[in-house]
Amino acid sequence: MSGDHFHNDSQIDSGSRHNDSHKHKDKYKDKEHKHKDHKKDKEREKSKYSNSEHRDSSDKKHRDKDKERLKLKDGSSDKQKDKHREKKKEERSFDGKPKKEKENGFESPFIKSEPENDGFYHSPKHEKSLKREHKKGEAATDGKKKAKKEPEEKWKWWEEERYTDGVKWKFLEHKGPVFAPPYEPLPSNVKFYYDGKHMKLSPGAEEVATFFAKMLDHEYTTKDVFRKNFFKDWRKEMTSEEKSKLTDLNKCDFSEMSEYFKAQSEARKAMTKEEKLKIKEENERLLQEYGFCIMDNHKERIANFRIEPPGLFRGRGDHPKMGMLKRRIRPEDIIINCSKDSKYPKPPPGTKWKEVRHDNKVTWLVSWTENIQGSIKYIMLNPSSRIKGEKDWQKYEMARRLKKCVDRIRAQYREDWKSKEMRIRQRAVALYFIDKLALRAGNEKEEGETADTVGCCSLRVEHLTLHQEMDGQEYVVEFDFLGKDSIRYYNKVPVEKRVFKNLQLFMEDKEPEDDLFDRLNTSILNKHLQELMDGLTAKVFRTYNASITLQQQLNELTSSEDNVPAKILSYNRANRAVAILCNHQRAPPKTFEKSMQNLQTKIDAKKEQLADAKRELKSAKADAKVRRDEKSKKAVESKKKAVQRIEEQLMKLEVQATDREENKQIALGTSKLNYLDPRISVAWCKKFGIPIEKIYNKTQREKFAWAIDMAEKDYEF
DNA sequence: TACTTAACTTAGTATGCTCAGG
DNA sequence: CCTGAGCATACTAAGTTAAGTA
């Protein structure tokens with residue numbers, strides 16, 4: 001039903017564009033931002049978390065764990081305790097019974113359609129997490145069949161109830177961030193020249209100069225804005241003497257520095273195994289020390305525990321701030337977030353944190369303010385963590401709720417195209433775009449602070465062209481604008497007459513640089529969506545349409561007779577349909593042509609090999625006919641096998657070639673990671689006997705562990 | 001403000017290719 | 001002619017951090 005998306009024409013060209021447009025930003029400034037407060041937050045039983053409150057309880061914890069472990073092995077221990085669990089937990093069916101309750105055999109804890117439902121997760125089950133989580137020393141104790149590959153039991157957070165009251169954790173302990181290594185001055189033989197003359201720079205100025213030198217090969221160091229911004233910020237780091245001497249960037253010669261860094265990176269590549277190993281070990285040590293935190297009794301991986309090193313800012317697209325100095329972050333800039341009863345991270349000797357706070361309504365461990373845009377950066381957990389996983393799961397549940405009422409919503413906005421109120425028409429047309437074309441919401445942005453990019457609500461008249469008739473189709477809208485990351489969106493879309501007429505109306509008497517939807521912004525739109533469905537926002541449509549498209553495409557494209565590579569090609573094609581819908585592009589790999597050519601050569605070679613094998617088979621057959629002995633029969637058989645094998649190999653290569661060609665400028669990763677309900681993929685794998693490893697790599701499997709664990713082959717999005 | 005989504009960069013690994021020696 | 005070590009190249013995964021949304 002939603003399969004009729006308009007796809008991009010794939011004339012992809014994320015190239016340049018005019019950024020000289022001046023917009024009149026006189027929109028309704030609706031500053032109200034709603035915070036979705038999930039009301040009805042029942043208290044989670046505090047008692048359950050009691051042992052997360054104190055570090056020193058950990059001993060006891062482990063003992064308990066051991067005890068539990070003994071019971072665990074038969075897999076049934078889950079069921080004992082907990083009286084009130086019964087009725088709610090039952091339907092969740094995580095405990096091995098065939099799941100078949102609700103429509104998909106999987107009841108979502110996020111969908112609270114019926115009032116009863118919200119009690120759903122409330123039964124305490126915390127003990128379970130303790131059992132689940134042991135990291136070492138398992139095998140010995142619980143004997144039995146440990147045979148397999150030591151499947152170190154993972155904590156299944158998705159089998160536990162969640163916090164519902166905005167609390168994100170009860171206990172949080174970590175070691176703080178890893179700072180960028182201090183600046184190492186250049187050896188004295190690496191010289192900087194100004195106006196042809198050697199000049200020794202002060203350490204501060206030298207460091208910033210090296211940032212520029214490292215980028216010398218990049219095209220953007222030639223850009224005016226970049227150079228201007230850089231030079232301005234560089235001068236701030238100079239001594240007054242340097243400042244007065246160095247007045248023209250064009251007279252600066254960084255080439256020796258640049259050569260030096262190139263040599264360094266060569267040297268790094270040429271390091272001996274031992275040296276590399278040493279570095280690897282050091283990294284591993286750092287990871288072990290700083291890469292994990294304890295959150296509510298569980299050790300969780302941190303995503304980005306290293307603080308971004310200083311350097312020159314390179315925004316994407318035509319960014320007004322490119323080239324500015326991104327300054328070094330010091331402990332004094334850092335806000336630590338952890339629980340009161342944890343062991344606080346220590347700042348490096350002789351330094352202090354800016355602040356240590358204990359806010360368990362947020363998920364971040366560390367934050368600092370970045371100096372380019374003044375925005376806040378965070379250290380948070382890995383996608384495999386409970387806190388990220390729950391959110392991800394929830395996102396897909398939201399999209400599935402939209403699925404249930406999307407018909408109604410579509411009918412509604414179609415109705416609204418006819419409204420006498422301009423703002424309602426605009427809202428309805430915008431929503432139509434968001435739904436049909438999977439456009440982003442399009443928040444307004446501060447002019448001059450970022451690259452000039454737009455989304456749906458911020459589209460300007462200049463971004464679309466109306467064609468009464470085009471290529472034999474009526475009412476075609478041609479979109480051409482730069483979206484997120486300055487990726488070009490180009491698409492020609494036939495729309496309904498009513499939409500077309502509305503667009504004409506919206507564009508009437510406007511300048512190219514005027515807003516198309518002058519009565520609309522994301523805040524207004526989302527407020528409206530909120531009324532249509534609880535929790536609905538613009539981006540839910542993207543998730544919904546991406547996931548539903550994958551599912552439809554998989555149904556359409558997969559045939560069970562196909563072999564594994566062919567099925568995987570089908571999967572990739574389905575994935576690709578989504579990527580195209582969402583406009584996920586990539587620069588064609590630099591070596592694309594060549595690697596394509598190599599593949600072709602291989603295919604040709606394989607074809608020849610096949611021909612040879614066939615010839616041989618033929619002659620073997622002929623031979624067998626004449627000789628009629630066992631030996632020659634056997635020979636025929638083995639030749640047959642050979643032919644088959646080669647045919648298969650050839651097929652594989654050809655599939656690979658097709659896949660790669662089709663994928664030239666399409667990036668599959670983004671949709672796979674962010675928009676496609678992983679349960680669809682898992683179910684597909686189960687249904688067609690495809691190993692999950694063919695679809696998800698290790699990281700992805702970690703991120704989607706919840707889905708891999710819970711989705712059955714009949715899962716339906 | 002907090003959190004997700006995004007493309008790009010770099011590092012790491014797999015694969016393929018060459019050539020010496022069996 | 002085959003094997004397999006050593007190296008180059010190609011491909012993938014991981015890491016980085018900017019740019020969105022709400």
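In the text below, chain A, chain B and the rest are named by the order of the sequence lines, each starting its count at 1.
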Just checking [X]: base, sugar-phosphate only, or nothing, at a heavy-atom cut-off of under 4.0 Å?
X	answer
A:Tyr378	base
A:Gln373	sugar-phosphate
A:Arg440	sugar-phosphate
A:Thr453	sugar-phosphate
A:Pro383	nothing
A:Lys321	nothing
A:Gly483	sugar-phosphate
A:Asn443	base
A:Ala538	sugar-phosphate

If you assign each of A:His218 and A:Tyr675 to its closest nucleotide in DNA chain B, which residue comes earlier from the 5' end?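 The residue mapped nearer the 5' terminus is A:Tyr675.
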Nearest-nucleotide wise, let me know which of A:Asn674 and A:Tyr220 is further upstream toward the 5' end of DNA chain B.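 Closest to the 5' end, via its nearest nucleotide, is A:Asn674.
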Return the value, rounded to whole Å, for the distance between atom [atom1] of [X] and atom [atom2] of [N].
X	N	atom1	atom2	result
A:Asn583	C:dA19	CG	P	17 Å
A:Lys694	C:dA13	NZ	C1'	17 Å
A:Lys484	C:dA19	NZ	P	10 Å
A:Leu312	C:dT16	CG	C1'	16 Å
A:Arg542	C:dA19	CZ	P	17 Å
A:Gln530	C:dT21	CD	C1'	14 Å
A:Lys377	C:dT17	NZ	C1'	5 Å
A:Tyr696	C:dT12	OH	C1'	17 Å

So, are A:Glu281 and A:Arg285 salt-bridged, with charged N and O less than 4.0 Å apart?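 So A:Glu281 does not pair with A:Arg285 through a salt bridge.
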Kindly assign one of parallel, tilted or perpendicular to the pair A:Tyr489 and A:Phe481, based on the angle between their ring planes and the thresholds 30° and 60°.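 The arrangement is parallel - the two ring planes meet at less than 30°.
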Mapping A:Thr450 and A:Arg306 onto DNA chain C by nearest heavy atom, which one lands closer to the 5' end?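 Upstream on the strand: A:Arg306.
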What about the rings of A:Phe479 and A:Tyr490, do their centers lie closer together than 6.0 Å?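 Judged by ring-centre distance (under 6.0 Å), A:Phe479 and A:Tyr490 do not meet the cut-off.
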For the aromatic rings, using the six-membered ring if either is Trp, is the centroid distance between A:Phe313 and A:His319 under 6.0 Å?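 Yes, close enough.
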If only side-chain N and O atoms of A:Lys698 are considered, is one of them under 4.0 Å from the OP1 or OP2 phosphate oxygen of C:dT12?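 So the side chain of A:Lys698 is outside the cut-off, no N or O lying under 4.0 Å from OP1 or OP2 of C:dT12.
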Phosphate OP1/OP2 of C:dT16: any A:Asn304 side-chain N/O under 4.0 Å: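 No, A:Asn304 has no side-chain N/O under 4.0 Å of OP1/OP2 on C:dT16.
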Please pick, from C:dT16, C:dA22, C:dG20, the nucleotide with the shortest atom-to-atom distance to any side-chain atom of A:Lys445.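 Comparing C:dT16, C:dA22, C:dG20 against the side chain of A:Lys445, the answer is C:dG20.
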Could you please name the option among C:dA22, C:dC11, C:dT17 that lies closest to any side-chain atom of A:Arg660?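 So the side chain of A:Arg660 is nearest to C:dC11.
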Quick check on ring-ring contact (aromatic ring centres under 6.0 Å, His included): which of A:Phe212, A:Phe230, A:Phe226 does A:Tyr220 satisfy it with?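 Of all the options given, the one that passes is A:Phe226.
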Going 5' to 3' on DNA chain B, which nucleotide is the first and which the last to come under 4.0 Å of a heavy atom in chain A?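 It runs B:dT1 to B:dG16.
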Centre of A:Phe261's six-membered ring, under 6.0 Å away, within 45 degrees of the axis: is that where NZ or CZ of A:Lys214 sits?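 That pair qualifies as a cation-pi contact.
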